[in-house]
Visitor: 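The structure under discussion is supplied below as structure tokens; questions concerning it will follow.
Chain identifiers are assigned alphabetically (A, B, ...) following the order of the sequence lines, protein sequences preceding nucleic acid strands; residue numbering begins at 1 within each chain. Quick note: numbers below take in every heavy atom, side chains included, and nothing from hydrogens, waters or symmetry partners. If you're wondering where the values come from, they're calculated on a predicted model, not measured in any experiment.
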There are 2 protein chains.
Amino acid sequence: MSTAQVTPESRGQFKAKAYSATSATSQLAPTMISRRKPGNHDVQIEILFCGICHSDLHQVRNEWSVMPTIYPCIPGHEIVGRVTKVGSEVTKFKPGDLAAVGCLVDSDGSCPDCQTGLEQFCPHLTLTYNSPDPHIGGVTFGGYSESIVVKDHFVLHVPPNLDLAGVAPLLCAGITTYSPMRHWHVTNGKKVGVIGLGGLGHMAVKFARALGAHVVVFTTSKSKKDDAIRLGADEIVISTDPAQMKKHTGSFDFILDTVSAEHDINAYIQLLRRDGNMTLVGAPDKPHALSGFGLLFQRRSISGSIIGGIAETQEMLDFCGKHNITADVEVIPMQKVNEAYERMLRSDVKYRFSIDMASLKSG
Amino acid sequence: MSTAQVTPESRGQFKAKAYSATSATSQLAPTMISRRKPGNHDVQIEILFCGICHSDLHQVRNEWSVMPTIYPCIPGHEIVGRVTKVGSEVTKFKPGDLAAVGCLVDSDGSCPDCQTGLEQFCPHLTLTYNSPDPHIGGVTFGGYSESIVVKDHFVLHVPPNLDLAGVAPLLCAGITTYSPMRHWHVTNGKKVGVIGLGGLGHMAVKFARALGAHVVVFTTSKSKKDDAIRLGADEIVISTDPAQMKKHTGSFDFILDTVSAEHDINAYIQLLRRDGNMTLVGAPDKPHALSGFGLLFQRRSISGSIIGGIAETQEMLDFCGKHNITADVEVIPMQKVNEAYERMLRSDVKYRFSIDMASLKSG
């Protein structure tokens with residue numbers, strides 16, 4: 001006699017409002033999606049805000065050859081909301097708690113990366129959207145939705161003192177800039193450069209400042225000076241002015257390069273001191289031209305970084321709570337998402353869009 | 001009343017046989033040069049062997065725009081010999097001791113680099129050849145000579161059990177490969193790749209093996225297999241075979257890139273595991289094409305390294321003594337140096353030329 005097992009699949013599903021794209025060329029539009037009912041280790045969250053990340057646009061438009069888009073696509077991996085239900089084994093959360101979800105919703109839990117809290121490098125990770133969904137089939141659906149159900153390990157606590165609209169972007173833009181600064185030991189008194197002042201760059205400035213560094217923003221645009229200073233920069237350097245650049249030769253402990261457009265990385269490598277590191281968190285389609293000599297003569301290094309692990313994401317959120325850090329956001333209703341994408345392409349946002357999900361219920 | 005000070009300059013000079021180039025296009029030929037008589041902190045060395053480094057050829061032929069050659073040029077920075085005289089303040093050496101000199105003969109001693117034993121990064125260092133000579137004017141003269149006088153701090157002790165002809169190349173090829181392995185923590189059980197099996201590469205294989213690593217040699221030439229295994233490699237990979245390369249994806253802790261010719265570094269970056277590092281110790285004239293994505297996804301890094309500090313050079317020599325490591329050399333008389341340069345350009349040497357300086361006395 002077989003015993004019926006209560007699996008997430010047999011437990012059933014429920015419907016949720018969402019915005020989806022049905023092809024690479026279609027606009028995001030209202031739809032209804034299925035979510036699994038929470039299993040023993042799951043947390044069900046009513047989404048209050050979801051940040052708009054440049055990755056959302058890339059995925060929706062199928063611009064990544066290494067990660068082809070499965071449609072319908074529901075993006076969104078900067079999620080903050082309130083817990084509505086928890087599974088029987090969940091001890092970290094209870095209904096009513098604030099909660100956040102970033103780019104990851106599952107991983108194998110057993111590989112060396114997971115065992116050291118670096119789930120972002122797990123070879124079997126499940127991304128918040130466009131990853132195969134092991135529970136109800138198809139692909140995972142992201143945060144452009146009124147709710148989401150996520151395994152408790154991948155759900156973060158949100159400090160109660162922070163503005164929730166500005167918390168959402170911390171889950172990707174925040175951890176993407178926080179993690180390499182911690183990894184490369186940005187601490188009190190270090191000299192830190194931030195290349196680019198967009199969604200990632202403005203977070204990097206806030207973190208570097210809060211970590212006690214002397215912060216220099218590199219930008220091509222003089223008009224960004226006042227904003228850079230307001231965000232916490234000590235100086236700005238117009239990167240197209242060789243004289244300004246030269247003054248900083250060999251002086252930086254760490255430079256975070258947030259720029260995805262093509263640019264000359266060698267000019268920045270020259271600004272690193274001995275054993276200094278430059279970390280890329282954006283990458284142009286075309287390869288960089290890298291002069292080996294810039295690395296050799298001062299034992300400099302260049303590296304990459306991508307989001308962060310779950311424990312470090314929680315650490316980042318707690319750090320934000322302590323230092324009262326959130327992203328600078330422009331709050332929009334869900335209905336304005338397509339317009340927001342076009343504005344994001346023109347860098348016409350200071351510095352991140354955050355979707356107020358209440359708009360989805362009323363829309 | 002003024003007191004006459006005994007400076008190295010007033011102490012006088014003596015003549016020494018040497019080989020020099022008088023222009024970028026002239027052959028190296030016998031000459032007589034001046035050396036300062038040893039000052040209080042100086043060590044005078046009778047040179048027994050001097051290795052031939054590719055840098056010697058570059059400098060002689062004035063191929064480095066950043067470091068123009070002053071003629072006459074006497075190259076040589078892989079020097080081993082016997083102490084003949086010491087200054088009154090020298091306690092580390094006495095006449096009759098074995099002694100070695102590498103790429104550096106002075107530095108300011110006070111900068112943060114010198115204070116941490118990283119004299120190779122001192123902004124005021126004096127190279128063994130072609131640097132302004134503060135003692136007797138002109139530029140410093142290297143090891144293609146019967147003798148040299150060097151400040152005691154920059155003179156190394158040589159373990160007595162090693163073959164001196166094979167010790168000479170340790171002073172540049174040796175420390176250049178040893179230093180980055182120590183810096184990036186090559187230890188027992190690590191998987192280490194060595195790109196290129198020349199003067200630097202063959203030393204890298206020996207060190208990686210002695211440090212307990214699993215050693216993989218990347219080469220374009222199948223014919224190097226037996227030699228790679230003999231030198232200590234566990235495996236070789238033909239780098240032009242994508243299938244062989246792919247098998248090692250994400251598996252290396254550290255890769256040392258000793259190749260100065262143009263090559264695709266991204267193919268190797270893919271072979272690094274999470275947090276793995278690839279260090280360049282050679283650099284092509286043209287910049288490398290670097291894909292940022294290879295760095296991002298596993299937090300990999302690429303860096304440069306150049307020789308090593310004095311304390312670390314001594315550590316390397318002591319390590320060689322303990323593990324009985326020397327370079328594989330072809331010993332030549334001084335008179336064959338021009339021919340050796342041509343053969344070096346064709347990689348026709350296993351793996352380094354070492355000049356027997358006795359030939360200079362008799363020549």
Side-chain angles (χ1 to χ4, degrees), chain A residues 64-67 111-114 116 118 120-123 125 176 179-180 183-184 249-250 257-260 262-266 269 272-309, chain B residues 64-67 111-114 116 118 120-123 125 176 179-180 183-184 249-250 257-260 262-266 269 272-309:
Chain A
W64 281 331
S65 57
V66 291
M67 228 186 308
C111 71
D113 298 312
C114 287
T116 47
L118 296 167
Q120 74 269 37
F121 301 121
C122 172
L125 56 79
T176 296
S179 181
H183 186 68
W184 292 96
T249 299
D257 185 349
T258 74
V259 173
S260 293
E262 239 180 290
H263 58 289
D264 176 18
I265 57 171
N266 301 300
I269 290 172
L272 292 170
R273 63 190 306 158
R274 188 240 306 155
D275 291 324
N277 170 269
M278 177 158 98
T279 291
L280 313 177
V281 289
D285 294 335
K286 276 198 191 172
H288 288 291
L290 171 71
S291 160
F293 291 106
L295 298 178
L296 260 64
F297 284 112
Q298 294 292 329
R299 202 165 60 179
R300 296 152 171 151
S301 66
I302 176 167
S303 59
S305 185
I306 194 159
I307 55 172
Chain B
W64 282 331
S65 56
V66 292
M67 228 185 309
C111 70
D113 297 313
C114 288
T116 47
L118 296 166
Q120 74 269 38
F121 301 120
C122 172
L125 54 80
T176 296
S179 181
H183 185 67
W184 292 96
T249 300
D257 185 350
T258 74
V259 173
S260 292
E262 238 179 290
H263 57 290
D264 176 18
I265 56 171
N266 302 299
I269 290 171
L272 293 170
R273 61 190 306 157
R274 187 239 306 155
D275 292 323
N277 170 269
M278 177 158 97
T279 291
L280 312 177
V281 289
D285 294 335
K286 276 199 192 173
H288 287 292
L290 171 71
S291 160
F293 291 106
L295 298 177
L296 261 63
F297 284 112
Q298 294 292 329
R299 201 163 64 181
R300 296 152 171 151
S301 67
I302 176 167
S303 59
S305 185
I306 194 159
I307 54 173

Visitor: Taking side chain as everything from C-beta outward and backbone as N, CA, C, O, which of these in Thr176(A) sits under 4.5 Å from a heavy atom of chain B? Side chain, backbone, both or neither.
Guide: neither
Visitor: Compute the centroid of each ring, for His263(A) and then for His288(A), and state whether the two points are separated by less than 6.0 Å.
Guide: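 Aromatic pair counts; centres sit under 6.0 Å.
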Visitor: Going by heavy atoms in the side chains, are Val281(B) and Ile306(B) under 4.5 Å from each other?
Guide: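 No, side chains not in contact.
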Visitor: Taking all heavy atoms of Ile269(A) and all of Arg300(A), pick out the closest pair and write down the distance.
Guide: O-NE, 3.2 Å
Visitor: Does any heavy atom of chain B fall under 4.5 Å from the side chain of Leu118(A), the backbone, both, or neither of them?
Guide: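 Interface part for Leu118(A): side chain.
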Visitor: Name the option with the most non-hydrogen atom pairs under 4.5 Å to chain B; the candidates are Gln298(A), His183(A), Lys286(A).
Guide: His183(A)
Visitor: Quick one: what part of Ile265(B) sits under 4.5 Å from any heavy atom of chain A, side chain, backbone, both or neither?
Guide: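 Contact with chain A is through the side chain of Ile265(B) alone.
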Visitor: Does any heavy atom of chain B fall under 4.5 Å from the side chain of Val66(A), the backbone, both, or neither of them?
Guide: neither
Visitor: Under a 4.0 Å threshold between the charged nitrogen and the carboxylate oxygen, would Arg274(A) count as salt-bridged to Asp113(B)?
Guide: yes
Visitor: Are Ile302(B) and Leu272(B) close enough that some pair of their side-chain heavy atoms sits under 4.5 Å apart?
Guide: no
Visitor: What option among Ser291(B), Ala289(B), Pro180(B) has the most heavy-atom pairs under 4.5 Å with chain A?
Guide: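 Looking at each of Ser291(B), Ala289(B), Pro180(B) in turn, Ala289(B) comes out on top.
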Visitor: When heavy-atom pairs shorter than 4.5 Å are enumerated against chain B, which of Gly292(A), Gly250(A), Pro287(A) gives the highest number?
Guide: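 The residue among Gly292(A), Gly250(A), Pro287(A) with the greatest pair count is Pro287(A).
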Visitor: Please evaluate residues Thr279(B) and Ser303(B) with respect to the criterion side-chain hydrogen bond (donor to acceptor under 3.5 Å, both in side chains), reporting the C-alpha separation (whole Å), side-chain torsions for both, the decisive distance (0.1 Å), and the verdict.
Guide: CA-CA 5 Å; Thr279(B) 291; Ser303(B) 59; 3.0 Å; yes
Visitor: Please flag which part of Asp257(A) lies under 4.5 Å from any non-hydrogen atom of chain B: side chain, backbone, both or neither.
Guide: neither
